[in-house]
Each structure stands twice: as structure tokens, then as C-alpha cells.
Amino acid sequence: MERVDCIVVGGGLAGLAAAYGLAAEGLEVMVLERGNYAGAKNVTGGRLYMDPIRALYPELWEEAPFERAVARESITMMGDGAHTTVEVASDRFAGAQPQSYTVLRARFDQWFADKAAEKGAMIVPNMKVDELLREGGGDGRPGRVIGIRAGGDEIGADVTIVAEGVLGMLASAAGLRAEPAARDSALGFKEVIELPAGVIEDRWRLNEGEGAAHLFMGTVTRGMLGGGFVYTNKESISVGVVVGMAAMLQQAEPVESYKLLDEFKELPQIAPLVKGGTVAEYSAHAIAEGGIARVPKLFGDGYLLAGDAAGLSLNALVTVRGMDFAIASGYHAARAVATAKKAGDTSVAGLARYERALRESFVLKDLETSRAIPRIVENPRLFMHYPRAVSKLAESVFTIGAQPSPRLAKTVWKGARRDFLSLATLKDLWSLRKM
Ligand SMILES: Cc1cc2nc3c(=O)[nH]c(=O)nc-3n(C[C@H](O)[C@H](O)[C@H](O)COP(=O)(O)OP(=O)(O)OC[C@H]3O[C@@H](n4cnc5c(N)ncnc54)[C@H](O)[C@@H]3O)c2cc1C
């Protein structure tokens with residue numbers, strides 16, 4: 001059997017970050033990617049938060065093919081025929097070191113794969129791994145992972161980094177993690193719509209090169225857990241809708257979830273933004289939303305789990321993260337494997353430093369801090385009652401009727417008493433303190 005130091009399953013951000021680091025350490029590393037090229041099957045919203053990862057591989061970020069630095073954040077609560085938007089802009093969002101950039105994965109992942117290849121990694125596209133090879137085990141123990149089987153061939157490795165993404169089919173089949181449950185998963189639908197740079201800057205009121213991120217919640221998902229998003233790229237926009245799988249399954253009437261994106265684009269708030277654009281890309285993808293409670297053991301005899309395959313993502317309503325976790329977990333995986341190889345110990349004990357490093361980094365710390373979020377966001381009032389109530393209240397404040405107007409304070413008080421002063425709101429506020 002052919003052997004290498006390390007096999008990486010999956011050429012997404014986690015796998016490529018691992019391969020780059022391993023190759024830089026002079027290890028033989030082979031990335032097996034089932035898509036035609038790295039990035040072909042990868043979906044994100046999306047925007048990449050830089051501060052958590054800037055110090056990891058700092059030489060890369062100067063030349064990375066980012067789209068736009070996000071200068072403006074907006075969130076819109078959508079009610080019935082009324083909506084309210086909160087917009088936040090800061091010089092610090094897109095200053096000398098922007099805190100986040102929009103990215104297009106087809107471009108970004110290919111560039112990252114080229115960088116890993118320049119360091120010496122072998123990137124093999126069109127190669128679907130069928131199985132993780134194991135030795136020993138039984139009685140519920142996975143045994144040692146000794147390599148992979150793909151297309152009838154077997155390749156051995158001292159360590160296999162499983163970075164196969166959110167569905168984690170190989171890892172689940174090998175008993176390295178549980179299969180994802182509907183309650184811990186969401187489904188995203190997205191289009192990349194091409195528009196000239198000048199049109200994007202005019203429509204979003206942006207300075208040249210700057211970008212915007214806009215999230216929507218409420219009627220956009222018909223009140224189900226989830227929301228809509230629009231991110232501006234250089235010469236395109238990413239438009240999508242995400243909806244919780246369990247929320248979808250609980251609907252009395254079956255929901256054809258892919259239709260939510262068409263409905264979103266037809267909304268009077270969105271239609272003028274996408275007008276005249278050409279759809280260049282359509283994708284649908286699952287998202288891990290279980291949080292730290294669903295993160296499996298991240299290492300074992302001869303293997304590590306990284307990125308979405310390890311459940312490392314976080315939807316905190318106003319921020320959505322997964323790409324920074326994927327890159328950081330790949331980085332720490334590479335360091336752990338390189339150290340284990342030097343020490344000649346790629347057993348459970350030798351690879352345990354990987355999980356320790358993630359526990360000391362923002363990855364598991366941020367997921368731990370946000371432990372309560374996945375259960376908090378199951379509350380349907382967040383996606384139905386509050387977007388409606390906020391928009392209704394705001395609408396009443398800005399309305400002048402035919403009759404003499406009451407005092408503003410009275411209008412506000414009336415709306416607040418109607419929709420916010422209740423035991424249910426108090427309970428919701430109490431649960432939100434753990435966000
Ligand atoms: C709609 C949507 C919006 C999102 N928005 C954001 C956002 O704005 N910001 C953010 O940070 N995160 C966002 N995320 C999450 C983020 O995209 C993921 O966390 C991130 O892509 C995970 O990277 P990864 O490398 O772990 O997995 P992936 O990028 O999924 O890579 C896994 C790779 O493994 C390959 N693969 C799978 N099985 C096999 C096999 N058997 N053999 C060979 N190759 C295989 C796949 O083809 C794929 O290339 C979003 C996700 C979605 C779906």
C-alpha cells in the first residue's frame with residue numbers, strides 16, 4: 001500500500017489550512033478532494049472574520065483573493081408589510097486591518113490550494129474517499145485509522161485528517177462522530193448574482209472597494225429559525241436564505257425550502273438590490289448549528305477531525321462563523337501532526353495536543369462561551385413575534401393619521417404594552433442573558 005505522512009480528506013478551508021501547514025513543515029501530505037477543484041463544492045454566506053486568524057499564517061493574508069472589506073453591518077427585522085433595519089458602520093470595520101472580508105469560495109479555496117501546493121502538498125481533485133481504513137477496534141471502539149480507500153485503491157498514512165465538511169459521512173461511518181441530527185442542522189440556499197462594481201457601490205452606498213453585510217430575520221423564513229443574507233463581493237452579491245431543519249420539519253404544511261430564496265429575492269426590499277443581475281452560481285448546503293455540545297472527540301489513534309466535520313461553527317444570530325474556525329482548526333491540526341511525527345507518536349496520546357490547542361484557542365473558547373445559543377435560538381418568538389412587534393412599533397412611531405396625534409410617548413407605551421410587556425417577553429429576556 002502506498003504511504004504518506006498525512007492524508008487530508010477534503011480540500012475545503014480546514015483541509016487546505018492543515019495541508020499548507022504540514023507541507024511547510026516538510027511533511028508528505030496528500031489532500032483528496034471529491035470536487036473538480038478545491039472550492040467547487042464549498043459554500044459559505046459569506047464573510048470571513050480575520051482577527052481570530054490573522055496571526056496564523058500571516059504571510060498568506062496580504063495576497064489572499066478577498067472580495068470586499070465589510071464596512072457596514074445591517075440587520076433587518078421583517079414583519080407583515082413593515083420592516084425595521086439597524087445599521088452599524090464603523091471606521092474600524094474596514095480600516096487598515098479590516099475585521100472581515102467577503103469571500104467567494106470557488107476563488108478563495110483554489111488560491112489556498114495553490115498556496116499549499118507551492119509548499120509541497122499534493123492536491124488531488126476528483127477523488128472521493130469511500131472509507132477510512134481502520135485496524136483493531138471493535139466493541140464500539142473505532143481502532144486505529146491507518147489510511148483511506150478511494151476508487152478501489154488504498155493509501156496508508158501515519159495520520160488522517162478528516163476535513164470532509166458538515167455531513168461527516170466518513171467519520172460517522174467509522175464511528176468517530178455521531179450523525180448530524182435535524183435539530184442541530186440548518187439548510188442554506190444561495191445565489192451569486194453578478195452586478196458591476198459601480199452598481200454595487202451605488203446601491204449599498206459604499207466607497208470604492210468597501211463592502212456590506214446585511215442579515216434579515218422574521219417573515220423571510222416565514223418565522224422559522226433562520227434568516228436571509230446579502231453580502232457584497234467585488235462584482236457580484238451573495239444572496240441566500242438559511243432555515244433550521246427541525247423548524248422546517250415541524251411545520252404543519254410541508255415547506256419547499258428552496259422556494260424561500262425565490263420569495264426572498266422577490267421581496268420589495270430585495271428586488272431593487274438584485275435587479276439586472278445575472279445568476280452566476282446556485283448552491284444548497286447544510287450547516288452545523290449544534291454548538292459545542294455536538295462537537296465530538298477531536299482526535300484518536302491516527303486521526304484528527306477539523307472544521308465542519310468536527311461541528312466547529314457558530315450561528316450567533318448577528319454573526320455567523322465557521323470559516324475562521326475551519327482555518328484555525330486546520331492550522332492547529334498541522335502543528336499537532338508535525339509535533340507528533342517528530343516525537344514518533346501518532347497514537348491517541350501523541351495527537352491529544354490538538355484538542356488541547358483548540359481548547360486554548362478562540363475555537364473551543366468561543367464555542368464554549370456560546371454553549372447556550374443553539375437552544376436559545378429554537379425559540380420561535382425570536383423569528384416571528386419580535387421582528388413583527390419591533391416593525392409594528394417603529395411603523396406606529398412614524399405614522400401621522402387623519403385624527404389628531406397622541407403624544408409620542410403614549411404611542412410607544414401602547415405598542416410596548418401590547419407586544420413586549422408580558423411574562424413571555426420576560427422569559428425570553430431571561431434566556432437571552434446566556435447569549
Ligand atoms: C449558507 C451558508 C452560509 C454560511 N455563512 C458563513 C459566513 O458568513 N461566515 C463563516 O465564517 N462561515 C459561514 N458558513 C460556514 C462555513 O462556510 C463553513 O463552516 C466552512 O465552509 C467549513 O469549512 P470546511 O473546510 O470544514 O468544510 P467544507 O468547506 O465543506 O469542505 C469540505 C470539503 O470536503 C470535501 N469532501 C467531502 N466528502 C469527501 C469525500 N468523501 N472525499 C473527498 N472529499 C470530500 C468536499 O467536497 C469539500 O470540499 C456558512 C455556511 C453556509 C452553508
Side-chain angles (χ1 to χ4, degrees), residues 7-19 30-50 52-53 67 70 73 100-106 108-110 112-113 123-132 148-151 160-174 185-192 213-215 226-231 238-243 261 282-289 305-316 318-330 333 363 366:
I7 288 174
V8 178
V9 181
L13 294 180
L16 295 170
M30 192 184 269
V31 180
L32 304 176
E33 165 55 47
R34 69 186 168 143
N36 293 343
Y37 55 88
K41 293 197 176 278
N42 309 73
V43 182
T44 195
R47 146 260 291 278
L48 171 61
Y49 286 99
M50 288 308 296
I53 56 163
E67 294 294 316
V70 177
E73 309 275 351
S100 71
Y101 289 102
T102 53
V103 292
L104 288 170
R105 295 290 297 275
F108 193 82
D109 291 24
Q110 276 187 85
F112 207 169
I123 315 283
V124 188
N126 287 316
M127 184 60 71
K128 177 175 173 290
V129 174
D130 299 315
E131 190 187 349
L132 300 175
I148 58 94
R149 179 175 293 117
T160 302
I161 297 178
V162 186
E164 60 176 326
V166 61
L167 297 179
M169 290 201 270
L170 296 170
S172 302
S185 309
L187 200 51
F189 301 91
K190 174 186 162 184
E191 283 179 4
V192 175
H214 197 155
L215 302 180
F229 60 82
V230 180
Y231 294 100
S238 298
V239 183
V241 171
V242 171
V243 60
L261 178 53
Y282 176 85
S283 50
H285 206 275
I287 309 171
E289 302 226 322
L305 299 179
D308 272 7
L312 304 176
S313 68
L314 179 60
N315 176 357
V318 289
T319 54
V320 181
R321 296 169 65 188
M323 291 191 284
D324 53 337
F325 291 149
I327 291 172
S329 60
V363 175
D366 284 1

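Bear in mind the structure is a predicted one, so any value in this text is a computation, not a measurement. Atoms within each ligand, like the ligands themselves, are counted from 1 in listed order.
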Do any nitrogen or oxygen atoms of [X] lie less than 3.5 angstrom from nitrogen or oxygen atoms of ligand 1?
| X | answer |
| --- | --- |
| Arg105 | yes |
| Val166 | no |
| Gly35 | no |
| Val9 | no |
| Ala306 | no |
| Ser313 | no |
| Val43 | yes |
| Leu13 | yes |
| Glu33 | yes |
| Ala14 | yes |

Nearest-neighbour protein heavy atom for [atom], which is reported as residue plus atom name and distance:
| atom | value |
| --- | --- |
| atom 18 (C) of ligand 1 | Asp308 OD2, 3.4 Å |
| atom 5 (N) of ligand 1 | Gly45 N, 2.9 Å |
| atom 9 (N) of ligand 1 | Arg47 O, 2.8 Å |
| atom 39 (C) of ligand 1 | Arg34 CD, 3.7 Å |
| atom 30 (O) of ligand 1 | Gly165 CA, 3.8 Å |
| atom 50 (C) of ligand 1 | Thr44 OG1, 3.7 Å |
| atom 37 (C) of ligand 1 | Glu164 O, 3.0 Å |
| atom 40 (C) of ligand 1 | Val129 N, 3.7 Å |

Atom 53 (C) of ligand 1: which of Leu32, Ile287, Leu305 has the nearest heavy atom?
Ile287
Going by the closest heavy atom to atom 31 (O) of ligand 1, which one wins out of Asn42, Val242, Asp130?
Asn42
Atoms of ligand 1 close to [X] [distance to a heavy atom under 4.0 angstrom, numbered from 1]:
| X | result |
| --- | --- |
| Gly46 | 7 (C), 8 (O) |
| Gly322 | 10 (C), 11 (O), 12 (N), 19 (O) |
| His285 | 53 (C) |
| Gly307 | 26 (O) |
| Arg321 | 10 (C), 11 (O), 12 (N) |
| Lys41 | 47 (O) |

With a heavy-atom distance limit of 4.0 Å, tell me whether [X] approaches ligand 1 through its side chain, its backbone, both, or neither.
| X | answer |
| --- | --- |
| Tyr49 | neither |
| Ala286 | backbone |
| Leu170 | side chain |

Nearest heavy-atom pair of Gly46 and Lys190: which atoms, and what distance?
N-NZ, 4.4 Å
For Gly151 and Asp130, which heavy atoms make the closest approach, and how far apart are they?
N-OD2, 3.0 Å
Taking a cutoff of less than 4.0 Å between a non-hydrogen atom of the residue and any ligand atom, is [X] in contact with ligand 1?
| X | answer |
| --- | --- |
| Ala163 | yes |
| Leu48 | no |
| Met127 | yes |
| Tyr231 | yes |

[X] [atom1] to [Y] [atom2] distance, which is reported to the nearest 0.5 Å:
| X | Y | atom1 | atom2 | value |
| --- | --- | --- | --- | --- |
| Lys128 | Ile148 | NZ | CD1 | 11.0 Å |
| Ser172 | Leu167 | OG | CG | 8.5 Å |
| Glu164 | Leu305 | CD | CG | 8.0 Å |
| Leu261 | Tyr282 | CG | OH | 6.0 Å |
| His285 | Leu187 | NE2 | CG | 10.0 Å |
| Tyr37 | Asn126 | OH | CG | 11.0 Å |

Measure the shortest side-chain to side-chain distance between [X] and [Y] over non-hydrogen atoms and say whether it is less than 4.5 angstrom.
| X | Y | result |
| --- | --- | --- |
| Lys41 | Asn36 | no |
| Val9 | Thr160 | yes |
| Glu67 | Tyr101 | no |
| Ile287 | Asp308 | no |
| Phe108 | Leu48 | yes |
| Pro125 | Val31 | no |
| Ser313 | Arg321 | no |

Using modelled atom types and a 3.5 Å cut-off, is there a donor and acceptor pairing between side-chain atoms of Glu33 and backbone atoms of Gly11?
yes
Using side chain to side chain contact (heavy atoms under 4.5 Å, CB included) as the criterion, point out the one residue from Ile53, Asn42, Val103 that pairs with Met323.
Val103
Mind telling me whether Phe229 and Tyr231 have parallel, tilted or perpendicular rings, with 30° and 60° as the class edges?
tilted
Do Arg47 and Ser100 have side-chain N/O donor and acceptor atoms under 3.5 Å apart?
yes
